[in-house]
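One structure is given here, and the rest of the page talks about it.
These values consider heavy atoms only, across backbone and side chains, with no hydrogens, waters or symmetry-generated copies. By convention in this document, chain letters (A, B, ...) are assigned in the order of the sequence lines, proteins followed by strands, and residues within each chain are numbered from 1.
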Amino acid sequence: MICRALAKRDRNFFLNLITKATNQSHLRQTHAQIILNGLNTDLATVTKLVQKLSDLAAISDATLICSNFPNPDLFLYNVIIRGFSRNNNHSNSLFIYRQLRENTALKPDNFTYAFVISAASKLLQLQELKVGMAIECLSIKLGFHWHAHVLTGLISLYAKCGDMSTGERLFEQIKHPDIIAYNAMISGFNCNQEMESAIALFRELLVSHQRVNSSTMLGALSLGKWVHDLASKENFKSNIYVSTALIDMYAKCGSIEEARQVFDTMPEKNAVTWNAMISGYGLHGHAHEALQIFDKMVDSKVPLSGVSFVSVLYACSHAGLVKEGEEIFYAMVQDHGFEPLSEHYACMVDLLGRAGELQKALDFIKKMPIEPGPAIWGALLSACKTHKNTELARLASDKLFELDPENVGYHVLLSNIHTADKNYDEAASVRQVVKNRNLAKTPGCTLIEIDKIPHVFTSGQRSHQKTEAIYGKLEKLMGKMREAGYQTDTMTALHDVEEEEKELMVKVHSEKLAIAYGLMNTKRGSEIRIIKNLRVCIDCHNFTKFISKITERVIVVRDANRFHHFKDGQCSCGDYW
DNA sequence: TTAGGGTTAG
């Protein structure tokens, strides 16, 4: 009987066993049997085993087996290069590729390049890749440029370097671009903010291919809700990528309830899904919900990521939950073994600063083991504006002017801090620097959609067809609001818009115009939604509160930082933004 | 026995 159990098994037996394995422990047992049967030097068996191990996230086992294998061929190298990449260890993919080139006589093939280019483009996302690798990949093109898969990988790489013109050139070289090549292009246009191009290509794709796939849906999600309908019709609701992007889309479009609905109905969630839901709640100022989801994530088997902590800390800082934020930060280090990155430190400075604990924030910066960058000083400067601390503001802005001299926002912020402090000379001299150095300014603008047509307003704009009616409406509203106790706040009406202190006397902020226009063109009682590119100022925030009360409307404002839901004279942000 | 594209924060 024993003899039977130990009877020699052949390669096919093990190949079959490996294919059927569903977890790592199956494979470890199988590996033991392979050794007992003397097949651990059989290339085909070992390759299959390594491939399956990396598919089941056992990349260290896979590597060990490979490094003990006497003469690995190109196929085995390819499998391990791809394996590292699939396990999110892209730098090791590149490392193995280098080993292959420097320590062996093997010639990489089109498969090798498809894997290694994909790994390189993923590293770019992590902002770790040096330009040198991109150049190295360019040389690859010389040998394998006719392979559509390699070209598609290169498109993605160039897109992530912000070079879509090269992307377009590569795309033209593909004789019959398939759906995946289209998707690489659409997603490239998307991340490079070339919407208007993304849409055109998406339309072209719909004409040229009968069916779209899940990546297409993702590339086009920012087009809006109708994509969700398309996703439902095409049955992509169970795709984790599509559903996660839907959560993000709904949260960013202001429908946090719909985001939650998608989240709740997902059969399977990964870390990105959880993070998207947490950050969605943070964006809307619903910190307690964000914390609840975070706790559930900890309970689930899904491993936390650095982004999970950024998202939950962001939610805490925007709701004034200092104690909770601090607890999470220390748990992150002590319980979860994460080493905080600069973005985590920035979240903490923001958390303390927003809550008015400026000195504590400064002490925190001094104790940090890393050199504070612009995000950290920027958070402190912003807090100095809110809590009117001119002295610390000078310190923070000096650092910022040194670290990020081209950024006009910090100058504007400092000028506004001086203005609020009634120190007009200092404010003027800061603005003079901006003028002398000819730094680019960002004009504030607000968008409102009426009957699916977007209307964009800028501060003091008089070019809209209905200008007279809009300003008339605004006058009427102002009258009613003053009766209700509204007073214009010009002193502190400045966050990061420039020179609007002067303009305020004669001009009107874009969000007021958009809201007036919205009130004129929507049904009584319906919700008004607007989007502003800069942070909403204190006066407009106050204005919108009054409007929501006297007109009995819900007004949802998305500014550069977050959502504000105005209802019955109150804002969901609790004036904490 | 191996391909390429896609989701989250600041």
Notebook entry, point to check: What are the two closest non-hydrogen atoms of A:Ala560 and A:Arg535, and how far apart are they?
Noted result: CB-N, 3.9 Å
Next item on the list: Would you name the heavy atoms of A:Ile240 and A:Met266 that are closest together and state the gap between them?
Entry: CG1-CE, 3.9 Å
Next item on the list: For A:Leu154 and B:dA3, give me the distance from atom CG to atom C1', rounded to whole Å.
Entry: 14 Å
Note to self: Over all strands shown, is A:Asp350 touching base, sugar-phosphate only, or nothing at heavy-atom distances under 4.0 angstrom?
What the structure shows: nothing
Item checked: Distance, rounded to the nearest Å, where A:Ile256 contributes CD1 and B:dT8 contributes C1' -> 13 Å
Next item on the list: Assign A:Asn78 to base, sugar-phosphate, or nothing according to its heavy-atom contacts below 4.0 angstrom with the strands shown.
Entry: base
Next item on the list: Return the value, rounded to whole Å, for the distance between atom CE of A:Met332 and atom P of B:dA9.
Entry: 17 Å
Item checked: Closest non-hydrogen atom pair, A:Ala383 against A:Arg354 -> CB-N, 4.0 Å
Notebook entry, point to check: When you look at A:Lys532 and A:Asp559, which way does the salt bridge (charged side-chain N to carboxylate O under 4.0 Å, His left out) test go after all the steps?
Noted result: CA-CA 5 Å; A:Lys532 186 176 180 186; A:Asp559 75 6; over 6 Å; no
Next item on the list: Rounded off to whole Å, could you give me the CG-to-C1' distance for the A:Leu76 and B:dT1 pair?
Entry: 11 Å
Next item on the list: May I ask you to say what A:Lys252 touches in the nucleic acid, namely base, sugar-phosphate or nothing, with a heavy-atom cut-off under 4.0 Å?
Entry: sugar-phosphate
Notebook entry, point to check: At under 4.0 Å, does any side-chain N or O of A:Tyr314 touch on OP1 or OP2 of B:dG10?
Noted result: yes
Note to self: Under 6.0 Å between ring centres: does that hold for A:Phe329 and A:Phe364?
What the structure shows: yes
Notebook entry, point to check: If you check the A:Val307 side chain, which of B:dT8, B:dG10, B:dT7 turns out closest?
Noted result: B:dT8
Notebook entry, point to check: Starting at CD1 of A:Ile186 and ending at P of B:dT7, how long is that distance when rounded to a whole Å?
Noted result: 13 Å
Check: Is A:Phe111 stacked on the base of B:dT2, meaning ring centres closer than 5.5 Å and planes within 30 degrees of each other?
Finding: yes
Notebook entry, point to check: Given B:dG10, B:dT8, B:dT7, which nucleotide is nearest the side-chain atoms of A:Asn275?
Noted result: B:dT8
Checklist line | Side chain of A:Ala245 (C-beta onward), nearest among B:dG4, B:dT2, B:dT7 | finding: B:dT7
Next item on the list: Would you indicate what A:Thr47 reaches in the nucleic acid, counting non-hydrogen atoms under 4.0 angstrom: base, sugar-phosphate, or nothing?
Entry: base
Note to self: Tell me whether the ring of A:Phe75 lies stacked over the B:dT1 base, given a 5.5 Å limit on centroids and a 30° limit on the plane angle.
What the structure shows: yes
Next item on the list: Nearest whole angstrom, please: distance from the P of B:dA3 to the CG of A:Leu151.
Entry: 19 Å
Notebook entry, point to check: The side chain of A:Val272 lies closest to which of these nucleotides: B:dT7, B:dA9, B:dG4?
Noted result: B:dT7
Notebook entry, point to check: Once you round it to whole Å, what is the distance between P of B:dG4 and CD of A:Gln173?
Noted result: 20 Å
Next item on the list: Measure the distance from CG on A:Asp248 to P on B:dT8 and round it to the nearest whole Å.
Entry: 5 Å
